[in-house]
Amino acid sequence: QVQLVESGGGLVQPGGSLRLSCAASGTVFEIHTVAWHRQAPGKQRELVATIFNDGRTDYQDSVKGRFTISRDNAKKMVYPQMNSLKPEDTAVYSCNAEIKDRTSRIQNYWGQGTQITVST
């Protein structure tokens with residue numbers, strides 16, 4: 001069974017930084033595209049950042065210049081670095097990934113999410 005686990009969330013002051021991680025475990029042959037979403041209370045879920053299997057990245061306009069997403073394929077991990085955090089960044093952040101698993105098929109998996117709260 002493939003699992004995705006996010007970590008690194010917590011409480012941070014405006015202007016602070018956090019580094020999240022998304023770790024894949026189980027029978028993982030390949031990790032392809034990995035996307036990060038967030039959902040704030042009372043708001044719709046939105047796509048924040050994407051890193052493709054070739055390392056190419058894409059960011060939501062609201063986080064450009066502040067967030068950086070990278071990956072370590074050998075460790076089967078993805079790391080969003082989040083700088084200059086704002087109160088409006090407060091949300092539950094979740095990763096989802098296209099993974100070639102034991103079935104040799106590329107399937108979409110989701111992590112459980114991690115809470116980020118940006119507040120004085």
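Sequence positions, counted from 1, serve as the residue numbers for this chain. Everything quoted here is computed from the prediction, not taken from an experiment.
- Chaining together hydrophobic side chains whose heavy atoms lie under 4.5 Å apart places Tyr79 alongside Met77.
- For the disulfide bond (SG atoms under 2.5 Å apart) condition, no pair includes a residue of residues 24-67, sequence neighbours left out.
- Taken from CZ in Phe52 to CZ in Arg71, the straight-line distance is 10.5 Å, to the nearest 0.5 Å.
- Under the rule for a side-chain contact (heavy atoms from CB on, under 4.5 Å), the partners of Ser119 that lie at least two apart in sequence or sit in another chain are Leu11, Thr117.
- For Thr90 against Gln115, the heavy-atom pair with the smallest separation is CG2-NE2, 4.0 Å.
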* To do: Could you walk me through whether Asp101 and Thr27 pass side chain to side chain donor-acceptor pair (under 3.5 Å), step by step?
  => CA-CA 6 Å; Asp101 58 19; Thr27 306; over 6 Å; no

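- For residues 42-51, the set of pairs meeting the side chain to side chain donor-acceptor pair (under 3.5 Å) definition, not counting sequence neighbours, comprises Arg38-Glu46.
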* To do: Check the pair Trp110, Cys95 against side-chain contact (heavy atoms from CB on, under 4.5 Å), reporting the backbone distance first and the verdict last.
  => CA-CA 6 Å; Trp110 284 83; Cys95 70; over 6 Å; no

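- A distance-only check finds no donor-acceptor pair linking the side chain of Asn73 to the backbone of Lys76 [under 3.5 Å].
- Scanning all heavy atoms of the two residues, the minimum distance from Gln107 to Thr103 falls at NE2-OG1, 3.3 Å.
- For the atom pair Asp89 CG and Ser62 OG, the distance stands at 7.0 Å (nearest 0.5 Å).
- Every residue was checked against the salt bridge (Lys or Arg N to Asp or Glu O under 4.0 Å) condition with Lys86, not counting sequence neighbours, and none meets it.
- Other cluster members for Val48: Val2, Leu4, Val12, Leu18, Leu20, Val28, Ile31, Val34, Trp36, Ile51, Tyr59, Val63, Phe67, Ile69, Val78, Met82, Leu85, Tyr93, Ile99, Tyr109, Ile116, Val118, joined by side-chain heavy-atom distances under 4.5 Å among Ile, Leu, Val, Met, Phe, Trp and Tyr.
- In this structure, Ser17 and Asn83 approach most closely via the heavy-atom pair OG-OD1, 2.9 Å.
- A side-chain donor-acceptor contact under 3.5 Å links Glu6 to the backbone of Gly113.
- For Asn108 and Glu98, the side-chain atoms include no donor-acceptor pair closer than 3.5 Å.
- Of all non-hydrogen atoms in Ser21 and Ser7, the two that sit nearest each other are OG-OG, 2.7 Å.
- For the residue pair Glu30/His32, the side-chain donor-acceptor check at 3.5 Å is satisfied.
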